[in-house]
Amino acid sequence: MVSLTSDMSPLHPDRNLALELVRATEAASIRAVPFIGRGDKEAADGAAVDAMRAFFSTVNFDGTIVIGEGEKDDAPMLFNGERVGNGKGPRCDVAVDPIDGTSLTAAGRQNALSVIAVSDHGTMLDASSVFYMDKLVTGPAGVGVVDIRLPIGENIRLLAKALGKPVDEIVVSVLNRPRHEQLIADIREAGAGTRLMSDGDVAGGINAARHNARTDMCVGIGGSPEGIVTACAIKALGGHIQGVLAPRADDEKEKGRDAGLNVDGEVYEADDLVRGKNTIFVATGVTDGQLVQGVRRDGDFIYTESVVLRGASGTLRRISSEHLTSKWL
């Protein structure tokens with residue numbers, strides 16, 4: 001039996017909230033469309049932020065942004081600590097990325113998403129004081145098998161055995177960055193293939209954890225906020241995720257330590273990143289990608305595709321929506 005508040009709203013994030021949040025990611029994606037391929041990632045992000053904030057105010061929940069786009073003084077960003085929702089529903093921790101892949105959007109490239117992740121209040125790790133995190137993500141076959149502390153070659157061999165496929169069929173996603181040159185070389189030396197991402201490692205992590213996806217593992221250093229967001233999705237997919245914070249300098253390490261974070265190589269497991277299974281992950285495509293299709297306009301209609309993942313039920317739902325263009329002019 002679900003406990004209810006006096007206004008008959010669930011105490012925890014539920015399927016109704018998940019579907020309501022889709023409206024916010026749809027709005028952010030649609031508003032970003034005029035900026036696709038225009039080279040102005042700040043303008044794209046600003047339009048998405050404004051749209052997401054406007055729709056948040058209509059949703060029945062009492063959310064606090066734990067993972068946002070900056071501090072309060074950086075408005076109009078959805079900032080860390082901002083309260084969102086109409087305050088009448090469940091108390092939630094919220095992670096937002098109005099556009100995961102602003103550079104992808106500006107360049108007109110694939111895999112840009114609008115993303116919201118939600119969990120019970122007080123369960124989401126606030127890793128905002130350390131910008132980067134080293135991550136390892138796989139599907140369910142990697143649970144109890146791979147470990148971020150092992151060499152990448154050994155993890156590839158272990159995962160291949162667990163999946164029942166040869167090493168040369170393993171594909172590993174990695175952000176294409178100079179810091180990953182040795183990692184990429186080691187993956188190829190082990191006999192696996194690489195899928196190099198220019199940006200957007202949330203989609204990379206989720207694709208690695210999905211059943212019958214084109215990639216088997218996602219590794220490397222990306223944003224810490226993206227690690228928390230990805231963990232919310234992995235809870236619904238039954239996959240494996242580990243993270244190690246990667247401060248860039250001594251002052252950032254000290255800042256993280258002051259915030260109570262583990263900054264000396266300790267491993268964050270899935271339940272350290274987001275406690276419990278009551279997670280919601282919602283994403284709408286801005287541009288086309290492996291996870292979802294991007295926004296498409298055809299005459300009087302705008303078409304969007306979204307995914308909703310719920311940790312409590314272990315479900316992934318796809319939502320294809322048709323919007324009247326006249327309502328968005």
Side-chain angles (χ1 to χ4, degrees), residues 100-101 103-104 107 109-111 127 130-224 226-231 233-234 237-249 253 262-270 272-273 289-291:
D100 176 45
S103 295
L104 298 176
R109 303 177 74 171
Q110 292 191 336
N111 289 318
V130 178
F131 189 79
Y132 283 118
M133 178 185 290
D134 193 7
K135 289 162 270 189
L136 169 64
V137 184
T138 73
V143 177
V145 173
V146 298
D147 193 297
I148 198 170
R149 288 162 284 215
L150 296 175
I152 186 63
E154 185 171 352
N155 276 326
I156 288 170
R157 290 186 288 273
L158 289 168
L159 184 61
K161 182 178 180 180
L163 289 170
K165 58 198 289 188
V167 166
D168 63 7
E169 291 184 10
I170 295 292
V171 178
V172 183
S173 292
V174 190
L175 281 171
N176 190 12
R177 300 287 189 272
R179 62 179 177 267
H180 290 151
E181 287 181 2
Q182 186 59 54
L183 176 60
I184 292 166
D186 290 343
I187 292 167
R188 293 170 176 169
E189 176 66 25
T194 56
R195 183 178 294 275
L196 301 183
M197 304 177 293
S198 59
D199 207 342
D201 64 340
V202 171
I206 294 170
N207 283 325
R210 288 171 54 217
H211 177 63
N212 286 336
R214 297 177 184 176
T215 55
D216 304 288
M217 183 186 298
C218 185
V219 297
I221 297 174
S224 296
E226 287 82 357
I228 310 303
V229 171
T230 304
I234 300 307
L237 296 169
H240 171 86
I241 182 168
Q242 292 174 304
V244 177
L245 292 174
R248 293 164 290 183
K253 178 180 283 191
N262 298 325
V263 292
D264 296 304
E266 298 92 335
V267 175
Y268 281 95
E269 304 289 347
D272 300 319
L273 298 171
Q290 290 184 50
L291 184 62

Do H180 and I221 make a side-chain contact, defined as non-hydrogen atoms from C-beta onward lying under 4.5 Å apart?
yes
When every non-hydrogen atom of T230 is compared with those of G205, the smallest separation belongs to CG2-CA, 4.3 Å
Nearest atoms (heavy-atom pairs only) where A127 meets S224:
O-CB, 3.9 Å
So, D264 and K253, do they make that salt bridge, N to O below 4.0 Å?
yes
Selection residues 130-146 - residue pairs positive for salt bridge (Lys or Arg N to Asp or Glu O under 4.0 Å), sequence neighbours left out
K135-D201
Scan residues 183-198 for pairs that pass salt bridge (Lys or Arg N to Asp or Glu O under 4.0 Å), counting only residues two or more places apart or in two chains.
none
Measuring from atom CD1 of I187 to atom CD1 of I152, what distance do you get when rounded to the nearest 0.5 angstrom?
5.0 Å
Under the side chain to side chain donor-acceptor pair (under 3.5 Å) rule, what pairs show up with a residue in residues 165-179, not counting sequence neighbours?
K165-D216
Is Y268 reaching over with its side chain to a backbone N or O of I241, donor-acceptor style, under 3.5 angstrom?
no
Under 3.5 Å, side chain of Q242 to main-chain N/O of I148, donor-acceptor pair present?
yes
Is a side-chain N or O of N207 found less than 3.5 angstrom from the main chain of G204, in a donor-acceptor match?
no
To the nearest 0.5 Å, how far apart are CG in L136 and CE in M217?
6.0 Å
Show the nearest heavy-atom pair for residues T194 and V171, with the distance to one decimal.
C-CG1, 4.4 Å
May I ask you to test the V130-V263 pair for a side-chain heavy-atom distance under 4.5 Å?
yes
Kindly give the heavy-atom pair with the smallest separation between L183 and V219, and that separation in Å.
CD2-CG2, 3.9 Å
Show the numbers, then the answer: is there a side-chain contact (heavy atoms from CB on, under 4.5 Å) between L150 and L158?
CA-CA 10 Å; L150 296 175; L158 289 168; 3.8 Å; yes
For the CD1 atom of I234 and the CG atom of L273, what is their distance to the nearest 0.5 Å?
10.5 Å
At what distance, to the nearest 0.5 angstrom, does CZ of R210 lie from CG of N212?
9.0 Å
Taking it one step at a time, do V267 and E269 satisfy side-chain contact (heavy atoms from CB on, under 4.5 Å)?
CA-CA 6 Å; V267 175; E269 304 289 347; 3.7 Å; yes
Working to the nearest 0.5 angstrom, can you tell me the gap between Q110 CD and D199 CG?
13.5 Å
Measure across V137 and A209 and return the closest heavy-atom pair with its distance rounded to 0.1 Å.
CG1-CB, 4.4 Å
Would a 4.5 Å heavy-atom cut-off, applied to side chains only, mark V172 and I184 as touching?
no
Which atom of L104 lies closest to which atom of S198, heavy atoms considered:
CD2-OG, 3.0 Å
